[in-house]
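Here the structure is laid out as structure tokens; the discussion comes afterwards.
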Number of protein chains: 2
Amino acid sequence: MSSKRNGPAPKVETKAWVPVTIRDVAKVAGVSTGTVSNVLNRPDIVAGATRQRVLDAVDSTGFIRNTQAYQLRGGRSHTVGVVVLDVSNPFFTEMFRGAESRLQSEGYVLMLASTDDSIEREANFVRAMEEHRVEGILITPAAADLANLSGLKTRGVPTVLLDRKATADEFCSVTVDDIRGGELAARHLFDAGHANIVFVNGPTAIRQCRDRRQGVRKAVRARAKASSIEATELSVAALTVRHGEEVVDRILAISPRATAVMCANDLLALGVLRGLAQRGVRVPEDLAVVGYDDLIFGSMLSPALTSVRQPAFELGVTAAQLLLDEVHNPDHRHREVRFEPELVVRASSSSSH
Amino acid sequence: MSSKRNGPAPKVETKAWVPVTIRDVAKVAGVSTGTVSNVLNRPDIVAGATRQRVLDAVDSTGFIRNTQAYQLRGGRSHTVGVVVLDVSNPFFTEMFRGAESRLQSEGYVLMLASTDDSIEREANFVRAMEEHRVEGILITPAAADLANLSGLKTRGVPTVLLDRKATADEFCSVTVDDIRGGELAARHLFDAGHANIVFVNGPTAIRQCRDRRQGVRKAVRARAKASSIEATELSVAALTVRHGEEVVDRILAISPRATAVMCANDLLALGVLRGLAQRGVRVPEDLAVVGYDDLIFGSMLSPALTSVRQPAFELGVTAAQLLLDEVHNPDHRHREVRFEPELVVRASSSSSH
DNA sequence: TCTAATTATTGAAACGTGTCAAGTACTCGA
DNA sequence: TCGAGTACTTGACACGTTTCAATAATTAGA
């Protein structure tokens, strides 16, 4: 890193900006503060000439309304807090974009924080947002229990859970049906004629992994009666590319040899693809591969990766919608909106074998 | 999407939460509001027994300090605004994480907004953040000129430009030396023995594309005297995978045939890789490929993609640091901190040919 | 015991805005 | 010309907090 200065490094301008209040504007326009406020909030009830004079004064003074005062007086904060586990995870950013697109048309500004799975940081953020009097919070809870959120509940701060079901009916929530997703992927392979598949799963401590496994098992049960099919489950310690690469030997060691692999997420699948390429195993001819999450780069690989897409953007939009309902509708009732995952079939599992 | 309700859909709890003020706490604790405020802000000056009584009252009432009132009275907002072009771009989210990591240890909360290149939306966000009295703004300006930011300047809102140099010394800024990045990539290929390379560039209306091209040309000039080398420039309309895929035929049509391709970003490179794979051209044996940006998935490809890494996280940290300096240090002077890009050599250009 | 010094607590003012009852100026009809 | 509307404008108050001069209570010193 290099730090460079142009010329004689001029001191930052000294004429300090003195905050312009509604009172300054009133003085310049030669009216009372009440009138200025009216021009700002109900322009219709003030005479044309006066209105113009005030607007000119606003311009010439560079007045910017102080939201805190407005809010203190009883106005809304027009702010919503979003708390996710990890901002750099595309799933969360897509969700954020969805929420943003819905909320910004209503004039809201979003506060974003990522907890990195830390319950303590989560508590801090939630508290800070409450202090800022956000009108609502969208959150992916870090902890299994929802202890950090009990305050929100009792204080009546509208809250929507992201990709997480409420224990009782305490909050609204938006979720994706991971059981169905697992089922979809497995069924796709069976439909394509694979009778012997491998399911590479992550730690079952993660709810998503548990659910996806359950979906796979469901698909197996549904077919097991009619035909002779089988699914071998392999488990890895983490959902990473490396772990996917390392599990390849175990996959190939299975006998009779499997003809398809389903991975609990795209990173695992990517690792598997690399491992297979290194060993000269062709995809999908020798072995079909399916992932989960539909990360953007999966579609850019060759062969492009079949995967299960989660409608992250729509999750965000819907969460925002639920929040708005809770904010504005006095008859609001909490509910869970569950989304269906979608199988995106691409070359890595296309039935050209 | 399916909407499901459990049981008899209980109406949301009716006992509306009445906001607890410092006055309520004072009443419960049997002290004055001044004392409560002291307990909250300067606990040391209040007697132990009283302090405890107040703290108990805070707990039992569930009091949460109202930041607006605090702020109105002259306190700081502990809020920083971040405005980027696109939240779903990993470069920006990494930068955001960097800024977050630096600022959250100082107790700040971040407001995030993405403009999607719209000057109008940018103006709205900046205005909203000013109304919220953010203590500073980190921004990637959408427009070529900085008209949207002139208000920030005159009103003295600390502002740091992200990946963009200030025209004069109006603001602090953090940038990455794209000229150097282009030079690094091209030089790497020349060093590896390639004498005839192709540079696939995007629209030169984009500053980054202009700069990277300039870097490539610089590398060419530096070598042209000593040996006979050449760089053919191809231009595509957008920095996407598809455009990369489509440019492959033009690359292969060049005669004498080039031995290496440098792309203005990783998406282009990815498209090129796909196009080459489809035509049976081996990488790096027949043709070496280099990208730019070092997107995470580049490392997961096989062959893994050589690329130029931009220290996005560090950019964010530094931007935050500059902002904090401008906020706290009365002797603050604006400056540009320029980061060096880093070449990450991987299999797609490794000299095993 | 009395004074001085120290320690704790109080309560009112101020921050910038929106609201609203009250006031003023103006218009129209008779 | 007067009265009754009508159309604008005013200005004090409230929102929840911090600050600070003033007061009260306690302690130390002589």
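Small disclaimer: the values here were computed from a predicted structure and weren't measured. Every chain is numbered from 1 and lettered A, B, ... according to where its sequence line falls, protein lines coming before strand lines.
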Counting only pairs under 3.5 Å, give me each side-chain donor-acceptor contact of residues 106-113 of chain B, with atom names and distances, residues two or more places apart or in other chains.
from, atom 1, to, atom 2, distance (Å)
B:E106, OE2, B:R102, NH1, 3.0
B:Y108, OH, B:E135, OE1, 2.8

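When only modelled atom types and interatomic distance are considered, A:D325 and A:H332 share a side-chain donor-acceptor pair under 3.5 Å. No hydrogens or angles considered: nothing links the side chains of B:D116 and B:S118 as a donor-acceptor pair under 3.5 Å. Side chains of A:N41 and A:S37: a donor-acceptor N/O pair is present below 3.5 angstrom, by distance only.
For the pairing with B:V39, the side-chain contact (heavy atoms from CB on, under 4.5 Å) check across B:I22, B:V25, B:V46 returns one residue only, B:V46.
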A correct 5'-to-3' footprint of nucleotides 9-18 of chain C, with B, S and - meaning base, sugar-phosphate only and no protein heavy atom under 4.0 Å, is SBB--BBBBB
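Proximity of B:V84 to B:T115: side-chain heavy atoms (C-beta onward) are nowhere separated by under 4.5 Å.
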Show, in sequence, the C-alpha distance, side-chain angles and deciding distance for A:R97 and B:D86, and conclude whether the salt bridge (Lys or Arg N to Asp or Glu O under 4.0 Å) test is met.
CA-CA 9 Å; A:R97 281 179 62 85; B:D86 175 11; 2.9 Å; yes
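With a heavy-atom cut-off of 4.0 Å to chain B, the contacted part of DNA chain D has its first and last nucleotide at D:dG16 to D:dT19.
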